[in-house]
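Here the structure comes first, spelled out in structure tokens, and everything after it is commentary.
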Amino acid sequence: MLSDTMKQIFDPRRNHAETQQKIGYVPRNKATQADYDRIGFMSGLEVHQQLKTKEKLFCHCPAGIFQKADDYDAELIRHMRPTLSELGEYDGTALMEFRTRKNIIYRIKNETACTYDVDDTPPFPLNREALSHAIDISLLSKLKVVGEVHITRKQYLDGSIPTGFQRTAIIGIEGEIQLKHKKVRLIQLSLEEDSCREVSDIGHTRIYRTDRLGMPLIETVTYPEFKNPDEVKEGADYIRFLNRSTGKVRSGIGSTRADVNVSCKGGTRVEIKGVAHNGWMPELTHNEAYRQWALLAIRDILNKTIKDQANWKIVSREVKAKDFKLENLGVPKSSTLKVYLVNLPQFQGILSHFTQPGKMFADDFSDRLKVIACIEKPNMVHSEMFDDVVGEKAWVKVQSLLGSREGDAQLIFWGPEDDIKTALESIEERCKLAFTGVPNETRKSFEDGTTIFERVLPGADRMYPDTDSAPIPLEDSEIDESMKRLPKLVSERILQLMEWKVPEDTHTYLLKNNLVPLLEKAQVNLKIPARFTARLLAHHLKHLQGQYPMLPDFSFEKVYELLEFIVYRKIDFAIARHMLFHLYQHPKMDFESVLITLNFREVPKAEILAKVPFLVKKYQETRTSHDDSAGLRWVMGNLSKLATGNMSLSELSKAIKLNT
């Protein structure tokens, strides 16, 4: 039985707030470089970018054709097993995935997959178009291109690749990118095949579609030289802009994904997997660094309270669901799910310890039960929840059944009988990992800046040579030809935009869409200021893209053709944004028809200006405002539609001022 001392009230909310304060957590919008230096923030990037090629990397299937989740010709089921590396060792991730006992189902469409994709045929020769693109981007990244390309295998036991491994090859090593205030070194650029797209992952069944499988992509890896979250985003943006400046990569959802590696002083490398939006990176990396800082604080607490860690173990006991009113949590009384109580010796205060905004240490147990034991959420409750859904009397009963002592914490979890052993192992394993601090793991990202456990972090043990592919020597002439077709560096493009006095709020859009060459072309050939074209694209066109879907027949080159037409017709550029509105929605419409739609008619400037005195006089006779600018706005409102395309609106405004 519990002593009277144990019955004193423990407040998990207060514990969560106090531990958040003790680790010195600071919201990102208030954090300074001193805060990041204090915890030893360190981050690096692995940026994956799909290449724009006609075919996949190791077969002749078309690249870039995508299918809906329910559009397939056949299904194939696989069970993954780990294999020994060249050193005779198993990779930790492979072992974890094997424990999940997943049934992997592939939805195959004949149009986008072949026997190579499902590992029934050896690889075809490597796609030379993809290799050429990878060499171009390597050189642009100031990487040293290898003399011979060697293809290796990288184990993937999550099922995302039917073969159980990804073919990859290093193309360039030791380069750099130039940020605003520093250079960041690059470790390497690799050419590799993309994985399947996940359809669902429920229980022991994971479903993939194979349309993306095998598409060529490059992976650019940086050294961990980013010292704050904003630098991480800046680096990711630069790499994305650099890749797109070649015109040889794909754009759109899923075409660019980044794995962000984060650590703090005393922590370890944790990989935030597949971040699709660079804008998420600052919050994600900030929270991950502080999550690790919190785990180190938990380690220190446990090292003080638990002296004999080698013999530490959980205590568990099976009970009936009806005895704890778990039907309120989705476990019906008639359920066949097994319910277990678990005692965690000396873990009181650990479960409700702050880890991330809105999260606590106990969340790690629930995440691992879902990922490793394949028990869908909700899958557990614990003794330090903010809202006690079980009730104080029930917890007293739990503690009695488990023989809990002062300072212990308790869990109640439920799941299928076949998954209980793995679940208990996962709970004890996570507790023991807490004794050493920060586990090496891969985590899944969310838009709010938080992450959850996804899998154990892979190690070097999963790499081994591909015996099906011969080395590919690279001739100097091939490198020389590549050097001739390289675009300007992104850093040079940024300086160019600044020289043109292009508004800074347009830079990201212009670089992301590789539009700086279009600005340059319009300025050189059409004598249109780059500043004007930049605003037309990054303000007006961007707004239209947010309001209406972009039709297949519309392209950025259409905007150049529009400007070319305006110059040819010798009409004022102010009409461009009005024409763009209709052109974007009807890209096949010819420009003259767009003018007709706008009811545009050519009127001499003198005729427009001749109307100014009459309108000024009329306003003065009827004015009700003492604000002089009101008169200007009224007259402009009456003449702007007529003036647009026929004369500069700023010139018209000056003429009105002279008459008021």
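Sequence positions, counted from 1, serve as the residue numbers for this chain. As a basis for the values below, the full set of heavy atoms in this structure was taken, side chains included, without hydrogen atoms, waters or symmetry mates. Remember, it's a predicted structure, so these values are computed and weren't measured experimentally.
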### N-O pairing of R107 and E75 below 4.0 Å
yes

### Query
If you measure from CG on N243 to OG on S251, what distance do you get to the nearest 0.5 Å?
12.0 Å

### Query
In this structure, which one of V146, L139, I171, V145 forms a side-chain contact (heavy atoms from CB on, under 4.5 Å) with L189?
I171

### Query
Is E447 atom CD crowded by more than 12 heavy atoms from other residues, nucleotides or ligands, each under 6.0 Å away?
no

### Message
I want to check something: taking the side chain as every heavy atom from C-beta on, are Q49 and T220 in contact at a cut-off of under 4.5 Å?
### Response
no

### Query
Is R257 salt-bridged to D194, cutoff N-O under 4.0 Å?
yes

### Query
Got a sec: does the NE2 of H181 have more than 12 other heavy atoms crowding it under 6.0 Å?
no

### Ion pair check, R240 and D237, cut-off under 4.0 Å
yes

### Message
Under a 4.0 Å threshold between the charged nitrogen and the carboxylate oxygen, would E225 count as salt-bridged to R185?
### Response
yes

#### Entry: Note: E504-K180 ion pair, threshold 4.0 Å (strictly below)
yes

### Query
Which residues pass the side chain to side chain contact (heavy atoms under 4.5 Å, CB included) test with V371, sequence neighbours left out?
M96, F453

### Task
Could you tell me whether a side-chain N or O of N261 sits under 3.5 Å from a main-chain N or O of R269, the two making a donor and an acceptor?
no

### Query
Counting only heavy atoms not in D476, do more than 12 fall under 6.0 Å of its CG?
no

### G159 backbone acceptor or donor facing Y106 side chain under 3.5 Å
yes

Counting only pairs under 3.5 Å, give me each side-chain donor-acceptor contact of residues 467-474, with atom names and distances, residues two or more places apart or in other chains.
residue: D468; atom: OD2; partner: R153; partner atom: NH2; Å: 2.9
residue: D468; atom: OD2; partner: R167; partner atom: NH2; Å: 3.1
residue: S469; atom: OG; partner: D466; partner atom: OD2; Å: 2.6

### Query
Between N103 (side chain) and T205 (backbone), is there a donor-acceptor pair under 3.5 Å?
no

#### Entry: Any R493 side-chain heavy atom under 4.5 Å of P517 side chain
yes

#### Entry: Contacts of S491 that satisfy side chain to side chain contact (heavy atoms under 4.5 Å, CB included) - sequence neighbours left out
Q178, Y238, L489

### Query
Is the shortest heavy-atom distance from the side chain of E148 to the side chain of H150 under 4.5 Å?
yes

### Query
Would the number of heavy atoms belonging to other residues, nucleotides or ligands and lying under 6.0 Å from NZ of K182 be above 12?
yes

### Task
Check for a donor-acceptor pair, side chain of R209 on one end and backbone N or O of D71 on the other, with a separation under 3.5 Å.
no

### Message
Are L191 and L57 packed together at the side-chain level, in the sense that at least one heavy-atom pair is separated by less than 4.5 angstrom?
### Response
yes

### Task
From the options T442, T451, D259, select the one residue that forms a side chain to side chain donor-acceptor pair (under 3.5 Å) with K273.
D259

### Task
Provide the closest heavy-atom pair for T168 versus K154 in the form atom of the first, atom of the second, distance.
CG2-CE, 4.2 Å

### Task
Examine distances only and state if a side-chain atom of R250 and a backbone atom of Q50 form a donor-acceptor pair shorter than 3.5 Å.
no

### Message
Check this for me: K265, atom NZ, are more than 12 non-hydrogen atoms of other residues, nucleotides or ligands nearer than 6.0 Å?
### Response
yes

### Message
Does I77, at its CD1 atom, have more than 12 non-hydrogen atoms belonging to other residues, nucleotides or ligands within less than 6.0 Å?
### Response
yes

### Task
On the 0 to 90° scale, with breaks at 30° and 60°, tag the Y36-H286 ring pair as parallel, tilted or perpendicular.
perpendicular

### Residue among Q356, E283, R443 satisfying side-chain contact (heavy atoms from CB on, under 4.5 Å) with E288
R443

### Query
Can you tell me how far the CG atom of D364 sits from the CZ atom of R430, to the nearest 0.5 Å?
4.5 Å

### Message
I want to check something: taking the side chain as every heavy atom from C-beta on, are V232 and V262 in contact at a cut-off of under 4.5 Å?
### Response
no

### Query
Should we say atom NZ of K109 is surrounded by more than 12 heavy atoms from elsewhere, each under 6.0 Å from it?
yes

#### Entry: S245 side chain vs L242 backbone, donor-acceptor pair below 3.5 Å
yes

### Query
Is the shortest heavy-atom distance from the side chain of F226 to the side chain of V260 under 4.5 Å?
no

### Task
Report the distance from atom CD1 of I135 to atom CD1 of I218, rounding to the nearest 0.5 Å.
12.0 Å

### Query
So, are E441 and R291 salt-bridged, with charged N and O less than 4.0 Å apart?
yes

### Query
Should we count CE of M498 as having more than 12 external heavy atoms under 6.0 Å?
no

### Query
Mind checking whether W280 and K233 have side chains closer than 4.5 Å, heavy atoms only?
no

### Task
Flag the pair R78 / Y208 as yes when at least one side-chain heavy-atom distance between them is below 4.5 Å, and no otherwise.
no

### Task
Answer yes when E425 and K421 have at least one side-chain N-carboxylate O distance shorter than 4.0 Å, and no when they do not.
yes

### Message
Could you check whether R101 pairs with D419 (Lys NZ or Arg NE/NH1/NH2 to Asp/Glu carboxylate O, under 4.0 Å)?
### Response
yes

## Note on the structure
Scanning both residues in full, the closest heavy-atom pair of A534 with L519 reads CB-CD2, 3.7 Å

